[in-house]
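Just below is one structure, and these are the notes that go with it.
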Amino acid sequence: QVQLVEFGGGLVQAGGSLRLSCAASGGIFTEYDGGWFRQAPGKEREFVAAIRWSGGRTYYADSVLGRFAISRDAAKKIVYLRMNSLKPEDTAVYFCAAKNADVGVGVPTFSSVNDYWGQGTQVTVSS
């Protein structure tokens, strides 16, 4: 059974930076698509960024494009989210997700039921 654990959340001032990490353990998980999502209080969970195993292509929500960067360390099975120029509206619980890589194109989708999710890490940006 694959387990995902997020690290790196915390409190930061507006304009600051954080790097989130998502480490995978257990199971047979060699090639994977990874993603980050977030959920602010009173709002639905939303897509932030994703990276495909095949070619390492990355995808971003418009709200974070140019400020956030997703990357991975394939050998360590870690997916990172570098967040720069943080804004108060970035405040949320951030979740990582992963699934076995597929041959699809475009933004990978992650099932709440069939794919793997972490427990979340809080990011709070003060103004």
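When atom types are taken as modelled, the side chain of E6 and the backbone of G120 share a donor-acceptor pair closer than 3.5 angstrom. When atom types are taken as modelled, the side chain of R82 and the backbone of S71 share no donor-acceptor pair closer than 3.5 angstrom. A donor-acceptor contact shorter than 3.5 Å links the side chain of T91 to the backbone of V125. The backbone N or O of A50 sits nowhere less than 3.5 Å from a side-chain atom of R57 that would complete a donor-acceptor pair.
Nearest approach of L20 to G9, heavy atoms of both residues: CD2-N, 3.6 Å. Closest approach of Y116 and L4 over heavy atoms only: O-CD1, 3.4 Å. Heavy-atom minimum distance, S17 versus N84: OG-OD1, 2.9 Å. Of all heavy-atom pairs between L81 and V48, the closest is CD2-CG1, 4.1 Å. Scanning both residues, P88 and A14, for their nearest heavy atoms gives CD-CB, 4.1 Å. Considering all non-hydrogen atoms of both residues, L18 and G8 come closest at CD2-O, 3.9 Å.
Shown here are the side-chain contact (heavy atoms from CB on, under 4.5 Å) partners of S63, two or more places apart in sequence or in another chain: R38, A61. Not counting sequence neighbours, the partners of S21 by the side-chain contact (heavy atoms from CB on, under 4.5 Å) test are F7, R19, I78, Y80. Listed by chain and number, the residues in a salt bridge (Lys or Arg N to Asp or Glu O under 4.0 Å) with D73 amount to none (sequence neighbours excluded). A search for side-chain contact (heavy atoms from CB on, under 4.5 Å) contacts involving S111 returns V113, N114, D115, not counting sequence neighbours.
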* Output, in order, the C-alpha distance, side-chain angles, deciding distance and verdict of side-chain contact (heavy atoms from CB on, under 4.5 Å) for Y60 and R67. => CA-CA 10 Å; Y60 298 94; R67 299 188 298 122; over 6 Å; no

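The shortest side-chain heavy-atom distance between Y32 and V79 falls under the 4.5 Å cut-off. Under the 4.5 Å side-chain criterion, counting only non-hydrogen atoms from C-beta, R52 is not in contact with V105. Between V123 and M83 there is a side-chain heavy-atom pair separated by less than 4.5 Å.
The disulfide bond (SG atoms under 2.5 Å apart) analysis of residues 54-94, with sequence neighbours excluded, yields no pairs.
The cluster map of Ile, Leu, Val, Met, Phe, Trp and Tyr, joined by side-chain heavy atoms under 4.5 Å apart, puts L65 and W36 in the same cluster.
More than 12 non-hydrogen atoms from other residues, nucleotides or ligands lie less than 6.0 angstrom from CD of E89. Within 6.0 Å of CD on Q119 lie no more than 12 heavy atoms contributed by other residues, nucleotides or ligands.
Rounding to the nearest 0.5 angstrom, the gap separating the CD atom in Q13 from the OG atom in S127 is 9.5 Å.
In the hydrophobic clustering, where aliphatic and aromatic side chains (Ile, Leu, Val, Met, Phe, Trp, Tyr) are joined below 4.5 Å either directly or transitively, Y59 groups with F37, F47, V93, F95, V107, F110, W117.
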